[in-house]
Amino acid sequence: MLKNYLVDKLIELALLEDIGHGDITTESIFKENNTGRFHFLAKEDMVLCGTEVVKKVFSNMNSNIETTFHFKDGDKIQQNTYFGEVTGTVSSILTGERTALNFLQRLSGIATNTRRYTACLKNSDIKILDTRKTTPGHRVLEKYAVKIGGGANHRFGLFDGVLIKDNHIDAAGSIFEAVKNAKESIPSTVKIEVEIRNLTELQQAVKAGADIVMLDNFKREDIIEACKIVNKRAKIEISGGITLKEIDGLKKYDIDYISVGALTHSSGNIDISLKIGETND
């Protein structure tokens, strides 16, 4: 995923946004031949994510910069651990520092948050899914971070999965019409998911042949009834403001997926620093 051209474009845009026509602070202080080594420091417990992006950022700054990590994406790192270093021209490293850290902090934050959710489903077959509630332009990276944290990706965009939502249903006239029209237009290999607002709609979706039904903001007693209605004829996804505290209680239901927008839209950044080590004139 990290070889995706969107990642390269995103890095270029991020560097352009920050550097503009030049880093006047660094350029006024350091000579071109100053070299040094900087160390990455985890200032809180974290799940590492974004190492390849960081390498790309610094190689964009200067192809002679060497970036190495002592851990790989997905590894747990404890607070106060030095987990990698950047060696090369000081001016180039300092100019790219903030952009590299922004990516690393953001992606590690999503991976760490996702790991908390997936840990709650230990010994369960239920999968935690992300959503399209991502930072515009950053989806390829943020969905990668979800997978690194142990979650699974829902559809990437509007182009790779059918999800019939409330407005689709209301505009089409009924769930049956929406599903029928979709089945007539898409390849047979594409799954059809229907967002459900109540048990009546659930019955209609199952009868229409939906592959997946999304129970949106269902009460817990209605989930039990929904599982009986579906009776393994479709996969069941639960959604709607699911918190960490609720995950354990959902394991008792006969469901397949729990989608959590908070994996991406509400994950905080991990506190990571880049600390100077030795330098050479």
Side-chain angles (χ1 to χ4, degrees), residues 1-15 18-19 23 26 30 34-119 130 134-135 138-151 153 263-264 267-280:
M1 181 180 292
L2 291 183
K3 294 180 181 179
N4 193 297
Y5 78 96
L6 291 174
V7 176
D8 295 330
K9 292 289 186 182
L10 187 57
I11 290 171
E12 290 177 14
L13 180 61
L15 288 171
D18 199 34
I19 300 171
D23 177 359
T26 301
F30 296 98
N34 284 128
T35 60
R37 177 174 296 168
F38 296 73
H39 304 272
F40 291 99
L41 172 64
K43 301 178 77 173
E44 58 183 300
D45 293 346
M46 58 180 275
V47 174
L48 179 63
C49 184
T51 56
E52 293 303 315
V53 182
V54 170
K55 290 178 182 179
K56 282 175 174 283
V57 169
F58 284 119
S59 67
N60 266 267
M61 293 303 307
N62 188 320
S63 61
N64 292 322
I65 291 177
E66 182 178 348
T67 307
T68 58
F69 289 95
H70 311 310
F71 299 83
K72 63 182 184 300
D73 282 2
D75 286 347
K76 291 182 179 179
I77 298 177
Q78 293 185 333
Q79 182 180 15
N80 296 325
T81 299
Y82 287 99
F83 60 91
E85 59 258 349
V86 186
T87 305
T89 306
V90 169
S91 58
S92 296
I93 293 172
L94 290 176
T95 300
E97 173 187 4
R98 175 41 54 200
T99 298
L101 286 177
N102 282 349
F103 281 117
L104 193 62
Q105 291 173 317
R106 173 66 177 155
L107 298 181
S108 295
I110 292 173
T112 302
N113 189 36
T114 302
R115 186 67 59 84
R116 297 188 187 108
Y117 278 87
T118 57
D130 55 24
T134 54
T135 307
H138 290 245
R139 184 171 297 169
V140 65
L141 290 177
E142 294 184 353
K143 280 183 171 283
Y144 168 75
V146 167
K147 292 188 72 173
I148 289 298
N153 294 152
L263 296 183
T264 51
S267 290
N269 289 357
I270 294 295
D271 194 358
I272 300 170
S273 292
L274 190 64
K275 297 294 187 180
I276 185 72
E278 61 274 16
T279 61
N280 297 303

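Computed from heavy atoms alone, side chains included, the values below leave out hydrogens, waters and symmetry copies. Since the model is a prediction, treat every value here as computed from it, not as a measurement. One is the number of the first residue; the rest follow in order along the sequence.
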Atom pair [atom1]/[atom2] of [X] and [Y] - distance to nearest 0.5 Å:
| X | Y | atom1 | atom2 | answer |
| --- | --- | --- | --- | --- |
| N269 | I110 | CG | CD1 | 8.5 Å |
| T81 | L41 | OG1 | CG | 8.0 Å |
| I65 | K55 | CD1 | NZ | 13.5 Å |
| M61 | S91 | CE | OG | 7.5 Å |
| N64 | T89 | CG | OG1 | 6.5 Å |
| K147 | T114 | NZ | OG1 | 12.5 Å |

Between T264 and T135, is the side-chain contact (heavy atoms from CB on, under 4.5 Å) condition met? List the steps.
CA-CA 8 Å; T264 51; T135 307; over 6 Å; no
Under a plain distance cut-off of 3.5 Å, with no hydrogens placed, do Y144 and N4 share a side-chain donor-acceptor pair?
no
Taking only Lys NZ, Arg NE, NH1 and NH2, and the carboxylate oxygens of Asp or Glu, determine whether K56 and D8 approach each other closer than 4.0 Å.
yes
Hits for side chain to side chain contact (heavy atoms under 4.5 Å, CB included) against L13, two or more places apart or cross-chain, chain-then-number order -> none
Just jot down the side chain to side chain contact (heavy atoms under 4.5 Å, CB included) partners of L10, sequence neighbours excluded, or say none.
F103, H138, L141
Any donor-acceptor pair under 3.5 Å linking the side chain of [X] with the backbone of [Y]?
| X | Y | answer |
| --- | --- | --- |
| N153 | K143 | yes |
| R115 | M46 | no |
| Q79 | K43 | yes |
| T118 | G149 | yes |

What is the minimum heavy-atom distance between [X] and [Y], and which atoms define it?
| X | Y | answer |
| --- | --- | --- |
| S267 | N113 | OG-ND2, 2.8 Å |
| I11 | N60 | CG2-ND2, 4.0 Å |
| G88 | I93 | N-CD1, 3.6 Å |
| T35 | V90 | C-CG2, 3.5 Å |

Begin from the C-alpha positions of I270 and E44 and carry the test side-chain contact (heavy atoms from CB on, under 4.5 Å) through to its verdict.
CA-CA 7 Å; I270 294 295; E44 58 183 300; 3.8 Å; yes
Could you walk me through whether L48 and L104 pass the side-chain contact (heavy atoms from CB on, under 4.5 Å) test, one step at a time?
CA-CA 8 Å; L48 179 63; L104 193 62; 4.0 Å; yes
With sequence neighbours left out, what residues match K275 under salt bridge (charged side-chain N to carboxylate O under 4.0 Å, His left out)?
none
For D75, enumerate each residue passing the salt bridge (charged side-chain N to carboxylate O under 4.0 Å, His left out) test, keeping only those at least two apart in sequence or located in another chain.
K72
Working note: F83 + I272, criterion side-chain contact (heavy atoms from CB on, under 4.5 Å); need CA distance, chi angles, decisive distance, verdict.
CA-CA 10 Å; F83 60 91; I272 300 170; 3.8 Å; yes
Scan for ring pair (Phe, Tyr, Trp, His ring centres under 6.0 Å) pairs involving residues 47-77, sequence neighbours excluded, and state none if there are none.
F40-F69
Any side chain to side chain donor-acceptor pair (under 3.5 Å) involving residues 98-108? Give me the pairs, sequence neighbours left out, ordered by first then second residue.
R98-N102, R98-Q105, R106-E142
